[in-house]
Every structure is written in C-alpha cells, then in structure tokens.
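Have a look at the structure below, then the notes.
Computed from a prediction, not measured in an experiment: that's the story for all the values here. In what follows, chains are A, B, ... by sequence order, proteins preceding strands, each numbered from 1.
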Amino acid sequence: MPELPEVETVRRGLLPEITGRTIQSVEPIDFPGVLGEYSVDEATARLAGRVITGLDRRGKYLVFALDDDAGLIVHLRMTGVLMLEARTSPAPRFHRLTIGLDGERDLRFADQRKFGRVIPASREALIGLDLKLGPEPLSDAFTADTLYASIHRRKAPIKSVLLDQGVVAGLGNIYVDEALFRAGIHPAALGASLGPEQAAGLHAAIQDVLRSGIEHRGTSFSSFRDAYGGKGANQHQLAVYGRGRSGLPCVRCGTPLMRIVLAGRGTSFCPTCQPM
DNA sequence: TGTTATGTTGCCAT
DNA sequence: TATGGCAACATAAC
C-alpha cells in the first residue's frame with residue numbers, strides 16, 4: 001500500500017517529466033467522486049491552463065504546485081496508481097481520471113477501490129494540509145527528542161500512535177511494523193511506556209526503514225506501481241510485515257512470528273525480539 | 001458460493 | 001483531547 005516511500009517513488013519518477021507542462025483537461029472516466037466535492041466543471045475551471053511548476057510530497061500526499069500558487073493534491077489511499085502514459089496507449093485497469101497535459105502524454109489515475117482522490121487545492125488549503133500533518137520523518141524537523149515529546153504522554157499502543165499522521169507524516173501499516181521490529185519494541189506497548197532511549201531507537205528505525213523503502217523504489221506487495229507502471233522491490237526487504245499470519249520464523253532469532261490486530265490493522269511481530 | 005481480510009482517512013461515539 | 005470503531009469500496013483468498 002502506498003506509504004511515504006511509495007509516494008516518494010512516484011514523485012521522483014514524475015517530477016522531471018511534468019514540470020513545465022500545462023494542464024489541458026480534467027476527464028473523469030466512471031467515478032466523478034474521485035474529485036471529492038468538486039464538480040468536473042469546477043475542477044476544470046481551477047486547473048485548465050495552469051502550468052505545473054513543481055511536485056512536492058507531504059506525508060502520503062502528492063502535491064502538484066501550479067503557476068497561480070494553488071495546487072493539485074493526489075492521495076493514493078489503498079490502491080491508487082498515478083501514471084504518465086502516452087495518450088494513445090491502452091487505458092489501465094480501474095482507470096478513474098485523466099489529467100490531460102500538453103504534449104503526447106497524460107496523467108492517468110487508476111484505483112481499484114475508489115478511495116483515492118485527486119483534488120484541486122487553494123493556497124490556503126495547502127497550508128491547512130501542512131498544519132494538520134506531523135513532521136516529515138526524513139527531515140531535520142523530526143528528531144529523537146521531538147518523537148519522544150509527541151509519544152510519551154500517549155496512552156494508546158505505539159503502533160496506533162505511529163499511524164497517527166499528526167505525530168509523524170507518512171507511516172502506514174507496512175513501515176510501522178518494520179520500524180517496531182527493527183527497534184525491538186512490542187507494537188502493543190503504550191506510547192507512554194517508552195523512555196527516551198527507546199524513542200531514540202525508534203526514531204533511527206523509522207528513518208532506516210523509510211530510506212530502504214525509497215532506495216528500493218517502494219513496496220509492491222499488492223497493487224503499488226510507480227509512475228511508469230513498474231514494481232518496487234522493497235517487498236523483498238521486509239522482515240515481518242504480513243509474515244505473522246503464517247507464523248514464519250523471525251529472520252533474527254527464528255521464533256515463529258505472531259499476528260495480532262491493532263488499530264484495526266493486521267500486525268506482525270516477533271514475541272522474542274519485541275518483548276512487552 | 002459465501003465469508004473474510006485487505007489498510008487509509010474521515011466521521012462518529014465514548 | 002484522546003481513543004477506538006466503522007464506513008467508503010472491490011477484489012483475492014479462503
């Protein structure tokens with residue numbers, strides 16, 4: 001599922017190709033709701049004629065910067081795929097929206113489960129998005145101290161806390177499980193039970209698993225594809241995600257991994273390496 | 001063939 | 001305010 005490394009992989013693929021392109025059209029295929037509250041006419045009025053001046057990422061959100069200081073926000077949610085494809089190429093499966101560009105290629109948004117959104121955003125809306133999200137985990141704003149400060153009063157399981165995008169932006173089920181394993185922390189341990197040293201270890205583990213994910217161009221465990229339809233390779237680097245269900249042995253100690261449910265998500269961990 | 005798991009965000013209840 | 005549960009949706013796997 002698209003988390004920070006997957007969204008960053010899409011961003012890096014798209015950036016050099018779409019900067020300077022002009023948006024020509026907004027064309028929903030079979031699901032107008034992909035535009036959120038916007039009608040096709042409203043979205044077209046805001047976007048058509050705008051030049052794309054940059055492409056940023058905030059947490060799991062892709063943010064296209066436009067020449068009028070407004071933007072276009074894309075969230076892939078569970079199964080969204082954003083691709084740059086030749087206008088003449090066959091439409092992708094689950095095609096929901098085309099953003100027509102000048103030149104021969106268009107941006108195409110496909111999404112099996114229709115959770116993803118492509119939404120125009122005013123300058124104010126972009127600021128609002130930034131304010132509601134926690135620090136970028138690979139930026140200087142995210143330190144062991146800031147992590148400790150934001151978790152040490154939380155009474156929820158640390159896994160739930162890390163999935164809170166207001167604590168740190170961009171973690172999802174895969175990278176949280178991997179980071180907790182790497183840090184040797186039980187996913188059900190309460191945030192408030194962790195000391196500064198554990199927070200420091202967790203901080204380093206989060207950065208490690210995210211950097212690895214980006215280096216391997218994302219985790220294509222199921223539907224994730226980059227901007228050109230390619231799969232990532234990070235699924236081969238995962239130590240615990242998805243492996244608790246069948247009790248596969250821990251790569252570190254051999255103990256059968258376990259699966260529990262936390263925050264409504266399947267959670268895999270090693271009961272030996274991640275004691276309560 | 002029916003049931004269940006999948007996992008993100010927002011909304012609602014506590 | 002913090003936390004947990006569930007809906008939105010389509011499909012694969014059991």
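- Scanning both residues, A:Arg108 and A:Arg87, for their nearest heavy atoms gives NH2-O, 3.4 Å.
- Nearest heavy-atom pair across A:Cys273 and A:Cys253 is SG-SG, 3.8 Å.
- Minimum atom distance to the side chain of A:Phe115 is reached by C:dC9, of the listed C:dC9, B:dT6, B:dT9.
- The shortest distance between the side-chain N/O atoms of A:Arg265 and the OP1/OP2 oxygens of B:dT8 is below 4.0 Å.
- Checking B:dT8, C:dT11, B:dT9 against every side-chain atom of A:Phe94, the shortest atom distance belongs to C:dT11.
- Crowding of A:Arg211 atom CZ: a count of heavy atoms from other residues, nucleotides or ligands under 6.0 Å exceeding 12.
- Listed nucleotides C:dG4, B:dT8, C:dA10 differ in distance to A:Arg77; the shortest reach to its side chain belongs to B:dT8.
- The nucleotide whose nearest atom lies closest to any side-chain atom of A:Arg259 is, among B:dG10, B:dA5, C:dA12, B:dA5.
- Summarising the base pairing, C:dA2 is matched to B:dT14 through a Watson-Crick or G-U wobble pair whose two defining distances lie under 3.5 Å.
- Classification of the A:His75-A:Tyr61 ring pair by plane angle, with boundaries at 30° and 60°, yields perpendicular.
- OP1 or OP2 of B:dT6 lies within a sub-4.0 Å distance of a side-chain N or O belonging to A:Arg245.
- Spacing of P atoms, C:dC9 relative to B:dC11, comes out at 15 Å, to the nearest Å.
- The side chain of A:His75 contributes no N or O atom lying less than 4.0 Å from OP1 or OP2 of B:dT8.
- Phosphate proximity of C:dT1 to A:Lys155: absent, as no side-chain N or O sits under 4.0 Å from OP1 or OP2.
- Of the listed nucleotides (C:dT3, B:dT8, C:dC9), C:dC9 has the atom at the smallest distance from the side chain of A:Arg113.
- Listed nucleotides B:dT8, C:dA12, B:dG10 differ in distance to A:Asn173; the shortest reach to its side chain belongs to B:dT8.
- Projected onto DNA chain C by closest heavy-atom contact, A:Val161 and A:Gln112 fall at different nucleotides, the more 5' of which corresponds to A:Val161.
- In the set C:dG4, C:dA10, B:dT8, the nucleotide with an atom closest to the side chain of A:Leu163 is B:dT8.
- Nucleotides B:dT4 and C:dC6 place their C1' atoms 16 Å apart, quoted to the nearest Å.
- As judged by a 4.0 angstrom heavy-atom cut-off over every strand, A:Phe31 is placed among residues making no nucleic acid contact.
- Remark: the A:Arg154 side chain and the C:dT3 base include no donor-acceptor N/O pair separated by less than 3.5 Å.
- Not one side-chain nitrogen or oxygen of A:Gln165 sits closer than 4.0 Å to the OP1 or OP2 atom of B:dT8.
- Across every strand in view, B:dG2 sits in a pair with C:dC14 that passes the Watson-Crick or G-U test at under 3.5 angstrom.
- Closest approach of A:Pro92 and A:Met83 over heavy atoms only: CB-CE, 3.8 Å.
- Close to C:dA8, at under 4.0 Å from its OP1 or OP2, lies no side-chain N or O of A:Lys114.
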